[in-house]
J.: 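Mind looking over this structure? Questions follow.
Note that the structure is predicted; figures quoted are calculated from it, not measured. FYI, side chains are in, hydrogens and waters are out, and symmetry mates aren't considered; it's all heavy atoms of this structure. We number each residue from 1, following the sequence as shown.
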Amino acid sequence: RLPFGPGEQISYDVTYLGVRTGRAHLRVGERALMDGIATYPLQAQLKTDGFLAMLGDVDARMVSFFDPAALRPVRMVNRVVVREPFSEAPTTSREDGAFAPAQLTTQGPKGGEVNARLRRSGPKGDYDKSGRFRSGADVVDMLSVVYYLRARELPADAPFCFELYHRRRLWRVTGKVGGVE
């Protein structure tokens, strides 16, 4: 049983040096089939406002299709529009990723991978790159990591390790759950 479900909405204030600079809204959608797997579409929007609007504007939207059985994403897509001050045209980037689950071996699960493409266009030129990234741990994206961690039992002192995929990079995240203060 998951600690979240369809219809759940969460909002976060985004701050920089203690000053509110934007808001992030997350929502869990109704079950949908993605690549033949029943998933929850996790939807997010991040928009800057207030203080950062003077330095530029960011509007980011993302959907991550989360497999509730495997507790990992199956596919993700995001679109980010950045408007810099004194620039006529915005920079727009689109990213698509397909996640493959960890392989089961006699020693337990062994890694995962993501096949991704990042396309960006704007005043500084165009960029279109694809890549296949393999990992020795579970692979999650920037949105599904919130739900990946919420779905796990995290007792005090339990170690954790996963790889966070974003912008054609894998970031290894390791640590140990702290106690309640």
J.: Shortest non-hydrogen contact from V82 to V80?
T.: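 Looks like CG2-CG1, 3.9 Å.
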J.: Using distance alone, with no hydrogens and no angle criterion, decide if S121 and D126 have a side-chain donor and acceptor under 3.5 Å apart.
T.: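 On atom types as modelled, these side chains do not qualify, holding no pair under 3.5 Å.
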J.: Would you check if V145 and L149 make a side-chain contact, meaning some heavy-atom pair closer than 4.5 Å?
T.: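 They are in contact (side-chain heavy atoms under 4.5 Å apart), so the answer is yes.
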J.: Counting N and O atoms only, with roles assigned by atom type, does the side chain of S135 sit under 3.5 Å from a partner on the main chain of A137, one being a donor and the other an acceptor?
T.: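 Looks like yes, one N/O pair under 3.5 Å.
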J.: List the steps, then state whether side-chain contact (heavy atoms from CB on, under 4.5 Å) holds for R23 with S11.
T.: CA-CA 7 Å; R23 289 197 48 90; S11 292; 3.1 Å; yes
J.: Determine, stepwise, if the pair E163 / F133 fulfils side-chain contact (heavy atoms from CB on, under 4.5 Å).
T.: CA-CA 10 Å; E163 299 244 8; F133 307 90; over 6 Å; no
J.: Hey, what do you get for CG (D13) to OG1 (T15), rounding to the nearest 0.5 Å?
T.: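 Going from CG on D13 over to OG1 on T15, the span is 8.0 Å.
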J.: Hey, does the Lys NZ or Arg CZ of R120 hover above the aromatic six-ring of Y127, less than 6.0 Å from the centre and inside 45° of the axis?
T.: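 Positive - R120 is close enough to the ring of Y127 and near enough to its axis.
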J.: Could you check whether the rings of Y148 and F162 sit parallel, tilted or perpendicular, using 30° and 60° as the cut-offs?
T.: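 Ring orientation of Y148 relative to F162: perpendicular.
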J.: Run the salt-bridge test on R152 and D138 with the 4.0 Å N-O cut-off and return the result as yes or no.
T.: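 Salt bridge: yes.
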J.: Do R31's NZ or CZ and the ring of Y40 fall within the cation-pi criteria of under 6.0 Å and 45°?
T.: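 Here R31 passes the 6.0 Å and 45° test against Y40.
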J.: Report, as yes or no, whether the 6.0 Å neighbourhood of atom CZ on R169 holds more than 12 heavy atoms from other residues, nucleotides or ligands.
T.: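 For R169, atom CZ is not crowded (no more than 12 foreign heavy atoms under 6.0 Å).
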J.: Tell me which one of L164, L42, L71 satisfies side-chain contact (heavy atoms from CB on, under 4.5 Å) with S144.
T.: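 Going through the options one by one, the only one that passes is L42.
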J.: Less than 4.5 Å apart, side chain to side chain, heavy atoms only: is that true for D67 and P73?
T.: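 SC-SC contact between D67 and P73 ruled out.
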J.: Before you tell me yes or no, could you show the steps for V77 and R94 under side-chain contact (heavy atoms from CB on, under 4.5 Å), namely the whole-Å CA-CA distance, both residues' side-chain angles and the distance that decides it to 0.1 Å?
T.: CA-CA 7 Å; V77 62; R94 298 178 197 301; over 6 Å; no
J.: So do the side chains of F160 and V177 get within less than 4.5 Å of each other, counting heavy atoms only?
T.: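 Contact flag for F160/V177 side chains = yes.
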J.: Do V81 and V58 have side-chain heavy atoms sitting under 4.5 Å apart?
T.: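 With C-beta onward as the side chain, the pair stays apart.
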J.: Kindly indicate whether the side chain of E95, heavy atoms from C-beta on, has any atom under 4.5 Å from the side chain of M76.
T.: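 A side-chain contact under 4.5 Å exists here.
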J.: Can you name the nearest heavy-atom pair linking V63 to P41, along with the distance?
T.: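 Heavy atoms of V63 and P41 come nearest at CG1-CB, 4.3 Å.
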J.: Kindly compute the distance separating CD (E113) from CZ (F99), expressed to the nearest 0.5 Å.
T.: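 Between atom CD of E113 and atom CZ of F99 there are 11.0 Å.
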J.: State, yes or no, whether a side-chain contact exists between R20 and V14 at a heavy-atom distance under 4.5 Å.
T.: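 No, every pair of side-chain atoms sits at 4.5 Å or beyond.
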J.: What's the shortest heavy-atom distance between T91 and P123, and which atoms?
T.: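 Heavy atoms only, the tightest pair is OG1-CD, 3.6 Å.
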J.: Just by distance, no angles: are the side chains of R75 and T39 close enough, under 3.5 Å, to form a donor-acceptor pair?
T.: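 Their side chains do not contain a donor-acceptor pair, so the 3.5 Å distance test is not met.
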J.: Any chance you could measure K124, atom NZ, to S87, atom OG, to the nearest 0.5 Å?
T.: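 One finds 8.5 Å between NZ of K124 and OG of S87.
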J.: Apply side-chain contact (heavy atoms from CB on, under 4.5 Å) to the pair F65 and D35, showing each step before the final yes or no.
T.: CA-CA 10 Å; F65 294 90; D35 297 339; over 6 Å; no
J.: Under 4.5 Å between side-chain heavy atoms, hopping through other hydrophobics if needed: is there a path connecting L2 to V74?
T.: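 No, it is not one cluster - the side chains of L2 and V74 are not joined through contacts under 4.5 Å.
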J.: Would you kindly say whether T48 and D57 are connected by a side-chain donor-acceptor distance under 3.5 Å?
T.: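 Yes, D57 and T48 have a side-chain donor paired with an acceptor closer than 3.5 Å.
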J.: How far does CG of N115 sit from OH of Y165, to the nearest 0.5 angstrom?
T.: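 Answer for the CG-OH pair, N115 versus Y165, is 9.5 Å.
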J.: Rounded to the nearest 0.5 Å, what separates atom CG in L46 from atom CE in M62?
T.: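 Nearest 0.5 Å value for the CG-CE distance: 11.5 Å.
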J.: Just verifying a value: how many Å separate R61 CZ and R79 CZ, rounded to the nearest 0.5 Å?
T.: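 The CZ atom of R61 sits 7.5 Å away from the CZ atom of R79.
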J.: So do L118 and R167 actually touch side chain to side chain, heavy atoms under 4.5 Å?
T.: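 R167 reaches L118 side chain to side chain.
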J.: With side chains defined as the heavy atoms from C-beta onward, is the minimum distance between T174 and R172 less than 4.5 Å?
T.: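 Of all side-chain heavy-atom pairs linking R172 with T174, at least one is under 4.5 Å.
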J.: Decide whether F66 and V173 are clustered together by the hydrophobic rule: side chain heavy atoms of Ile, Leu, Val, Met, Phe, Trp, Tyr closer than 4.5 Å, transitively.
T.: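 Hydrophobic grouping puts F66 with V173.
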J.: Among D96, T92, D128, find the one that has a side chain to side chain donor-acceptor pair (under 3.5 Å) with R119.
T.: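 When side chain to side chain donor-acceptor pair (under 3.5 Å) is applied between R119 and each of D96, T92, D128, only D96 qualifies.
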J.: Looking at E8 and R150, is there a salt bridge between them, counting it only when a charged N and a carboxylate O are closer than 4.0 Å?
T.: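 A salt bridge links R150 with E8.
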